[in-house]
Amino acid sequence: MALRLYNTMSSQVEDFHPIRDNEVRMYACGPTVYDYGHIGNFRTFIAVDMLQRFLRQSGYKLRFVMNITDLDDKIIRNAARDGVSVQQYTAKYQKAFLEDSDMIGIEHPHLVRATEHIPQMADFVAKLVARNLAYRTDDGSYYFRIASFPPYGKLSKKDFSEMRDGSRVDVDEYDKDSARDFALWKAPKPGEASWDTSIGPGRPGWHLECSVMSMAELGETFDLHAGGEDLIFPHHENEIAQSESLTGKTFARFWFHVRFLLVEGEKMSKSLGNFYTLRDLVLKGHKPSSIRYLLTSVPYRTQLNFTFDGLKQAAVSVERLRNFRQRLSSGDFPSGANPEMQALGNETIDRMRAALEDDLNTAQAQGAIFEMVRKANSALDAGQVKKDDTRRLLAALEKFDEIFAVLKDDDGPKMKQVFDWAPTEGREKDISPELREAVQSGQLSDADIENKIAEMEAARRARNFKTSDALRAELAAAGVIIENTKEGVRYRRK
RNA sequence: GGCGCGGUACCCAAGUGGUAAGGGAGAGGUCUGCAAAACCUUUAUGCGUCGGUUCGAUUCCGACCCGCGCCUCCA
């Protein structure tokens, strides 16, 4: 079996094969760094991250580039408003994006920035003009001539044939040839940032940025281009028009688009009061792993309804997986192997792979791992798991986590970071009691906890249950849960 | 209006032309000094509604109802 992915261009699920033997070249439209990223942004980035992880797990070599849009109208406006340079303005949010990516388990792709490619962008426009695919207007802006690219609309399935026939659309205050023509390059405005280039002063349009950077990094034709569903039109359509009309070649072969998420059943928006950044959720006391799990649990082409109830459920699911792993890695098991457990591990790995190969069906992959957890737990209860089996089962868990990345128990330090960040933005008031508690539990060192456990065990052996219960309660209050099992004492942080 | 997606149990959600994965929540039970974890049993004769095709449809077709997205820069 091979990976099958939905391609927006063909509106079908297709077999995915890279152009060049074993190397996948992919480009994803990243964040516009004018503010902190919200969970909608991160749904998209996490979906792309899982795709990227799965491609590597499948044995492909990867050249994965993501842009950081550090230059657009909003950024320029805000920078001008604050009286700082564009670079100064975006530095803070670029840093925040990288921190947030780490927090939510996104592996850093190779990042490229618009501000680092201005001369190439000007050259690109000059080439388009030379071929009469673009034109300059009196104010010094440049526009792409859509009528020169007949396939325009092929990605978004829009029909622009009437325009191509030359029927004039009313052109309002702009002196564009056609109302649909889009800006490649914008003439400078007073008080706003601009760059002096071979085609005159000004700044690049957003669509141009991605075309130039992706081709600079990956070549004129590459394997896959990803982004949120809203980018299909006009952003990606315009990228195709510019790029393909210039090169005469297919720009990207696969178009991977991630569906928007809803929050509590409604489109996320500031006006509805259901707009959340990643940090907002952590301030409320939610673990990064819960957020990631919830965001990974619905396949990327399905609308995901993000709810606080769902977030709680996700937290429990992650706990279940972590408990299982701890059970396998901390107990003593007889040497040897149980063929049934070996088969279970292998079968689970196969099922997860098959699910993900089927257009990244993450829900089904999760179903497979949980079925393994239940069966293996049952066998563990019955004492039928041997040493070699734990390795096999842990290997399956590891395969799962290479994609989902929720098992590593590092929520505490991550939450501490947000806790420490809050005052720097005047947001102490938003720190919830839950976050406070979570951060507190991180204060106890492993050694502290182990000392307490030793005390507790001594008390239990002496059947001094009053003391042991008091110690248990004390640790629980500090966010540490003690479990007495047949295999010994275990603890975990809440 | 144009283009597109979806409606599956209390919640999230997978899936298939042959009789409904998985997770959470609820109820009962086992284990346990307590707690936790874990396991077992249980929770949709039913998959928006109405027709059609078929030996058989939740799965295909049609109509309708409802929700959602995009239609110039919001992931």
Side-chain angles (χ1 to χ4, degrees), chain A residues 8 11 28-32 37-48 69 72-74 153 156-159 179-183 205-207 209 226-235 237-238 257-262 265-270 275 293-294 297-299 301-307 309-324 326-327 351 355 358 361-382 460 463-466 468-469 472-473 475-476 481-487 489-492 494:
Chain A
T8 306
S11 307
C29 290
T32 301
H38 55 71
I39 53 176
N41 294 316
F42 284 105
R43 184 201 189 181
T44 298
F45 301 144
I46 285 176
V48 172
T69 302
D72 86 329
D73 289 357
K74 207 174 297 188
S156 54
K157 313 294 180 285
K158 293 182 191 300
D159 185 5
R180 281 278 175 183
D181 286 355
F182 58 89
W206 179 40
H207 314 305
E209 297 178 3
E229 64 168 331
D230 59 318
L231 301 184
I232 296 171
F233 189 89
H235 185 53
E237 198 72 72
N238 290 351
H257 290 106
V258 182
R259 193 98 203 257
F260 268 8
L261 62 68
L262 261 39
E266 293 185 285
K267 184 171 178 178
M268 182 169 62
S269 72
K270 286 185 174 157
F275 185 95
Y293 185 89
L294 178 55
S297 61
V298 177
R301 285 202 298 129
T302 303
Q303 198 164 54
L304 183 161
N305 186 12
F306 189 97
T307 64
D309 187 44
L311 209 44
K312 277 187 221 140
Q313 296 180 9
V316 180
S317 298
V318 172
E319 270 309 298
R320 183 166 161 81
L321 294 171
R322 287 182 180 173
N323 286 338
F324 175 69
Q326 195 180 26
R327 190 173 185 190
R351 284 178 61 193
D358 182 14
N361 191 333
T362 49
Q364 208 157 61
Q366 288 178 345
I369 201 75
F370 277 105
E371 210 165 300
M372 180 187 91
V373 170
R374 192 190 66 243
K375 288 178 178 167
N377 265 324
S378 189
L380 281 160
D381 283 353
R460 289 183 71 225
R463 301 197 67 79
N464 184 353
F465 294 126
K466 200 168 262 184
S468 74
D469 287 353
R472 184 192 295 286
L475 284 165
I481 294 164
I482 308 300
E483 296 176 3
N484 299 88
T485 71
K486 285 176 200 139
E487 292 99 25
V489 187
R490 287 199 296 252
Y491 71 90
R492 59 197 167 88
K494 201 167 136 193

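In what follows, chains carry the letters A, B, and so on, assigned in the order in which the sequence lines appear, proteins first and then strands, with residues in each chain numbered from 1.
Between A:Lys158 and A:Glu237, none of the side-chain N atoms (NZ, or NE/NH1/NH2) sits under 4.0 Å from a carboxylate O, so this pair counts as no salt bridge.
Atom CD1 of A:Ile369 and atom P of B:G22 are 14 Å apart (whole Å). Regarding A:Leu294, its CG atom lies at a distance of 17 Å from the P atom of B:C11, rounded to whole Å. Distance, A:Glu237 CD to B:C3 C1': 12 Å, rounded to whole Å. Here B:A21 presents its P atom at 18 Å from CG of A:Asp358, a figure rounded to the nearest Å. At whole-Å resolution of the value, CD in A:Gln364 and C1' in B:A20 are 14 Å apart. With rounding to whole Å, A:Glu371 atom CD is found 17 Å from B:G24 atom C1'. Rounded to an integer number of Å, the gap from NE2 of A:His257 to C1' of B:C3 is 15 Å. The distance between atom NZ of A:Lys157 and atom P of B:C5, rounded to the nearest whole Å, is 11 Å.
Picking from B:C3, B:G15, B:C11 the nucleotide with the shortest atom distance to the side chain of A:Asp309 gives B:C11.
Of the inter-residue distances, the one linking A:Cys29 atom SG with A:Asp230 atom CG reads 9.5 Å to the nearest 0.5 angstrom. Interatomic distance, A:Asn305 CG to A:Glu266 CD, rounded to the nearest 0.5 Å: 9.5 Å. To the nearest 0.5 Å, the span separating CD on A:Gln326 from OH on A:Tyr491 amounts to 8.5 Å. Annotation: the span from A:Glu209 atom CD to A:Thr69 atom OG1 amounts to 5.5 Å, rounded to 0.5 Å. The structure places CG of A:Asn377 at 9.0 Å from CG of A:Asn323, a figure rounded to the nearest 0.5 Å. Atom CD1 of residue A:Ile46 and atom OG1 of residue A:Thr362 lie 11.0 Å apart, to the nearest 0.5 angstrom.
Using C1' as the reference atom, B:G52 and B:A20 are 24 Å apart when rounded to the nearest Å. Separating the C1' atom of B:G26 from that of B:C12 is a span of 16 Å, rounded to the nearest Å. Comparing B:A36 with B:G29, their P atoms are spaced 15 Å from each other, to the whole Å. Atom name C1', nucleotides B:G48 and B:A9: the rounded distance is 14 Å, in whole Å. Of the P atoms belonging to B:G23 and B:A14, the separation is 15 Å, rounded to the nearest Å. Taking atom C1' in both B:U54 and B:C65, one finds a spacing of 26 Å when rounded to whole Å. With both ends at atom P, the span from B:A63 to B:U72 equals 28 Å, rounded to whole Å. Taking the C1' atom of each, B:C66 and B:A75 are spaced 27 Å apart, rounded to whole Å.
Of the possible polar contacts, one joining the A:Arg43 side chain to the A:Arg259 backbone as a donor-acceptor pair under 3.5 Å is found. Judged by distance alone, the side chain of A:Arg472 and the main-chain N or O of A:Ile482 form a donor-acceptor pair under 3.5 Å.
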- [ ] Go through the steps to decide whether A:Lys312 and A:Val316 satisfy the test side chain to side chain contact (heavy atoms under 4.5 Å, CB included), and finish with yes or no.
- [x] CA-CA 7 Å; A:Lys312 277 187 221 140; A:Val316 180; 5.8 Å; no
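Residues passing the side-chain hydrogen bond (donor to acceptor under 3.5 Å, both in side chains) test with A:Asp469, sequence neighbours excluded: none. Remark: A:Phe182 engages A:Phe144, A:His207 in a ring pair (Phe, Tyr, Trp, His ring centres under 6.0 Å) (not counting sequence neighbours). Judged as a salt bridge (charged side-chain N to carboxylate O under 4.0 Å, His left out), and not counting sequence neighbours, the contacts of A:Arg492 are A:Glu319, A:Glu483.
Remark: A:Thr302 is in phosphate contact with B:A14, judged by side-chain N or O atoms under 4.0 Å from OP1 or OP2.
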Task: Reading 5' to 3' through nucleotides 69-75 of chain B, protein heavy-atom contacts under 4.0 Å coded B for base, S for sugar-phosphate only, - for none - done: SSSBBBB
Task: Sugar-phosphate or base contact per nucleotide [nucleotides 30-42 of chain B; S, B, -; heavy atom under 4.0 Å] - done: ---BBBBSSSS--
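Heavy-atom distances to RNA chain B give each of A:Phe370 and A:Ser156 a nearest nucleotide, and the one nearer the 5′ end belongs to A:Ser156. Comparing A:Pro299 and A:Gln313 by the nucleotide of RNA chain B whose heavy atom lies nearest to each, the residue mapping closer to the 5' end is A:Pro299.
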Open item on the list: Pairs counted only when both distances fall under 3.5 Å, Watson-Crick or G-U: show me the 5' to 3' dot-bracket for RNA chain B, [ ] for pseudoknotted crossings and | for other-strand partners.
Closed with: (((((((..(((.....[...))).(((((.......))))).....(((((..]....))))))))))))....
